[in-house]
Amino acid sequence: MDQPQANLTPANLVALHGTKSSVVLELDGDSAPLWRYWGPRLLDEVSLPSLRSTRREPSFSLNEDVPLAVFPTFGIGWFGPSALLAHRCGRDFSQSWTGCAVERDGGAVRFTLTDDVAGVAVTISLALDSASDILTIKTSLTNTGQHGLDVPHLASACLPLPDEALALEHYTGRHNHEFQLQQEALGRGGWRRENRRGITGHSGPCGAVVSGKGGGAWGAQLAWSGNHVQSIDWIDDGQFVWQLGEWLAPGEIRLAAGETLTAPEVLATFSPEGADGVARNFHAAVRARMSWPGGKMKSRPVHLNTWEGFYFDHDEDALRELADAAAEVGIERFVLDDGWFHRRDDDTRALGDWWPDTGKYPNGLAPLAAHVTDLGMEFGLWVEPEMVNPDSDLFRAHPDWALQIAGRPMLTARNQLVLDLTRAEVSDYLFGCVERLLSDLPISYLKWDHNRDLTTAGNALGSAAYRAQVLAVYALLDRIRAAHPAVEIESCAGGGGRIDPGIAMRTHRFWVSDCIDAVSRLPIQRGFLQFMPPELMGSHIGASPAHSTGRSQTLDFRAAVALTGHLGVEFDVRRLATEDRARLKHWIALYKTLRGQIHQSTVCRGDAGDGLVWQAHGSPSQDDDSWLLFVYRVTPTEQRHTPAVRLPFLDKGARYQVSVIEPASDSAQYYPGAWLRNAGLPLPPMKAESATIYRIRRR
Ligand code: GLA
């Protein structure tokens, strides 16, 4: 017989509320709390019948049901994916909780689960930020037993998705082709992605967006720069469970008695405004985690990066001329890329030997750096500290410093190996090299690169060192930042191979892709903006034809695509024709007037059909409802009439003034918000690979 449906007292429920979302868990005695809800905002007071009292299908079920918990574990009645796989030489292979302590603190709750039988304890903290609707989840595992505990898997979070979750958006990628959107229906067969490359990877962070029937969407991303795994499984009580966490190599984690393993954080969110709403919440969370020199982001300075203009061919006089030309067009930060250090004439050698090449720079880098700063620009320098070339003084002196597995070949990629930063002497050496450069030169910016995946990543003890390597890189960055807090750092890994909220907390810009072709960049940047805010998006005006694709585009189009991030220029500006130089100056000046609005903005992205994509940056408040709208025609029109762009982010009850700011025009038009939302903004005919930029203001 069914038990009577008792309403729970609020004490048996944990309800966390954001502005537009809520989370509800039900305490379940000594067991792990049960997931009851993650979705649109509920009323403050939540009351619902206990899951244990609700009706279920009894056939072929355990007499005592094991529903989806905040931390489900294998072997004692739970048949879904386990948040933990652990054992002691084959024993204690299943876990279940004999105690659950709950600590509440405003919008946060902490559960400490103990298992006196298997000898483990797990702590899970959930905090829902009421402003951003970001649910931050932190998980750690302690071995409370007497003997070592092997841990093949520890999830950072297990999130519930309702049966109405339908469509999945995730990203794949490779070098030069990051953030490629994949859209799939969410099926009962499950979905799983694993990354075993040792860094975040060119697909972007471990994360995804899942949309529901009603237009709302759930999103999550892992704050981690190493191996990772995520999966979505259908469980037969009628919902999905989404797991995110580190992917651990065999034997990578063995906890000694009393030892604790802390999993990377998960940032999760529900937004009733779909994928763009999820992006906005992620942006708010990443912004809140950033650690800017001086505590506050300064205007993002226009970069000149020497890479595609000069590659390894550094000539000091030519670089001085480049700096003169750069300052003249309005560049604010001059970044000297690869090629400046001892014997670095190509990518076959020298990584590890971090002192200036005396052939190219007879008096070191100081004269060039002084020339740059005298011109009023900041001086930035490229480094790739985690790497070593076999042909380097460092490797000849310390061949054992590279990650390796005894008896296996050391596999090079771009002719380089990865240093074992888990060894204190290696991290100390690298700290010393970087510290010397930062102390000797007026460097205010480091472009920190990482140009290969990890493989044969064994440490001196012969164990897998993937996880420890990530933690050691974080520690090295933290140490450098503590010693030189005014220096900004860019995270680059062959373009966008290390973009995630873990490294974002220690860096200030991402190099999103080595592909600077403006057409290719549009989807790459759109994908980046799903997870990260625009002020962190390094976007450069590259050469034409683009080095990566061979495609040619006008300077105006290349600039209009680059303008929506942290702008840079990456070609030899000395060689610009007079007309293009004037246009480049114009675009840089325009960026300087718009960056205040683009950076820190609310971002909306869309597709108007017929080869048109758009992106809007704005501030949707009542007092300052003002937007910049970038419309790009990627391919030639197929229609006689250009489609209008529907702008769903505008207020239907307001009236808007719309003016074209690029190509510049004096005229303005007025439209009701409801018209722009539903019928759309009429567009002029546009050629393929061209852009129109509008300003839209509430009037
Ligand atoms: C990587 C980066 C480039 C450039 C080169 C230098 O590929 O993504 O921007 O810095 O390394 O070797």
Side-chain angles (χ1 to χ4, degrees), residues 173-179 197 199-204 225 303-314 319 322 333-354 356-357 360 365 379-389 391-392 412-418 434 437 443 445-454 488-500 503 507-517 520-521 524-525 528 536-543 546-549 558 562 565-572:
R174 61 164 174 80
H175 180 233
N176 272 328
H177 202 55
E178 292 83 345
F179 286 106
R197 294 178 179 273
I199 52 170
T200 321
H202 288 82
S203 310
S225 313
H303 281 201
L304 183 289
N305 184 291
T306 60
W307 181 240
E308 287 202 353
F310 284 70
Y311 290 108
F312 297 100
D313 193 11
H314 286 211
L319 287 163
L322 179 71
R333 184 184 270 159
F334 183 96
V335 182
L336 188 67
D337 210 285
D338 197 356
W340 59 267
F341 50 101
H342 180 58
R343 295 179 62 246
R344 182 70 168 175
D345 296 328
D346 54 38
D347 67 11
T348 61
R349 61 178 176 223
L351 289 170
D353 299 347
W354 297 110
D357 184 80
K360 294 175 187 170
L365 292 177
F379 183 68
L381 192 65
W382 179 95
V383 288
E384 197 182 357
E386 295 149 85
M387 300 295 156
V388 67
N389 286 117
D391 183 0
S392 65
T412 49
R414 206 192 188 207
N415 311 304
Q416 61 199 55
L417 298 166
V418 185
V434 177
L437 290 166
I443 296 171
Y445 188 80
L446 287 175
K447 177 176 173 187
W448 186 294
D449 214 334
H450 184 295
N451 276 310
R452 60 161 294 172
D453 296 323
L454 268 59
E488 286 191 13
I489 300 178
E490 171 168 355
S491 170
C492 175
R498 188 153 62 182
I499 297 174
D500 64 80
I503 200 93
T507 52
H508 309 94
R509 187 186 204 248
F510 291 113
W511 182 227
V512 179
S513 179
D514 276 347
C515 178
I516 323 183
D517 175 310
S520 307
R521 266 283 177 145
I524 293 174
Q525 296 187 172
F528 173 91
L536 304 189
M537 185 171 81
S539 47
H540 292 179
I541 305 171
H547 293 196
S548 50
T549 63
R558 284 176 278 146
H566 177 178
L567 184 68
V569 174
E570 190 165 334
F571 57 81
D572 187 353

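The first residue in the sequence is number 1, and the count goes up from there. Every value quoted in this text rests on a predicted model; they were computed, and no experiment measured them. Values below: all heavy atoms of this structure, side chains included; hydrogens, waters and symmetry mates excluded. Counting starts at 1 for both ligands and their atoms, in listed order.
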Problem set entry | Validation row, ring centre His303 to ring centre Tyr445 under 6.0 Å | yes
For this session: Would you confirm whether the ring centroid of Trp307 sits within less than 6.0 angstrom of the ring centroid of Phe312?
Result: yes
Exercise. Should the pair Arg521-Glu178 be classified as a salt bridge under the 4.0 Å nitrogen-to-oxygen rule?
Worked result: no
Exercise. Using the benzene-type ring in the case of Trp, are the ring centres of His547 and Phe571 under 6.0 Å apart?
Worked result: no
Exercise. Would you call Arg349 and Asp353 a salt bridge, taking side-chain N to carboxylate O under 4.0 Å as the test?
Worked result: no
Problem set entry | Per-atom contacts, ligand 1 versus Cys492 - under 4.0 Å to a heavy atom | 2 (C), 8 (O)
For this session: Have a look at ligand 1 and work out which part of Arg414, if any, has a heavy atom under 4.0 Å from it: side chain, backbone, both or neither.
Result: side chain
Problem set entry | Any N or O of Trp382 closer than 3.5 Å to N or O of ligand 1 | yes
Exercise. Hey, are the side chains of Val335 and Thr306 touching, using non-hydrogen atoms and a 4.5 Å cut-off?
Worked result: no
Exercise. Taking the six-membered ring for Trp, are Trp511 and His540 ring centroids under 6.0 Å apart?
Worked result: yes
Exercise. Going by the atom numbers of ligand 1, which of them fall below 4.0 Å from some non-hydrogen atom of Gly495?
Worked result: 8 (O)
Problem set entry | Heavy atom of Glu490, distance to ligand 1 below 4.0 Å | no
Problem set entry | Nearest-neighbour protein heavy atom for atom 3 (C) of ligand 1, which is reported as residue plus atom name and distance | Asp514 OD1, 3.3 Å
For this session: Give the residue and atom name of whichever protein heavy atom lies nearest to atom 9 (O) of ligand 1, and the separation in Å to one decimal.
Result: Lys447 NZ, 2.7 Å
For this session: Taking only Lys NZ, Arg NE, NH1 and NH2, and the carboxylate oxygens of Asp or Glu, determine whether Lys360 and Asp345 approach each other closer than 4.0 Å.
Result: yes
Exercise. Between Glu384 and ligand 1, which residue portion shows a heavy-atom distance shorter than 4.0 Å: side chain, backbone, both, or neither?
Worked result: neither
Problem set entry | Under-4.0 Å heavy-atom contact with ligand 1, by part of Asp449 that carries it | side chain
Exercise. Do any nitrogen or oxygen atoms of Asn451 come within less than 3.5 Å of a nitrogen or oxygen of ligand 1?
Worked result: yes
Problem set entry | Heavy-atom nearest neighbour in the protein, as seen from atom 4 (C) of ligand 1, with distance rounded to 0.1 Å | Asp337 OD1, 3.4 Å
Exercise. With a cut-off of 4.0 Å, which atoms of ligand 1 are near a heavy atom of Trp511?
Worked result: 8 (O), 9 (O)
Exercise. Between Lys447 and Asp337, is the closest basic N to carboxylate O distance under 4.0 Å?
Worked result: yes
Exercise. Measuring from the heavy atoms of His175, does anything fall under 4.0 Å of ligand 1?
Worked result: no
For this session: Could you tell me whether a side-chain N or O of Arg509 sits under 3.5 Å from a main-chain N or O of His566, the two making a donor and an acceptor?
Result: yes
Problem set entry | For atom 5 (C) of ligand 1, closest protein heavy-atom neighbour | Trp307 CE2, 3.6 Å
For this session: Just need the protein heavy atom nearest to atom 12 (O) of ligand 1, so name the residue and atom and give the distance.
Result: Asp338 OD2, 2.6 Å
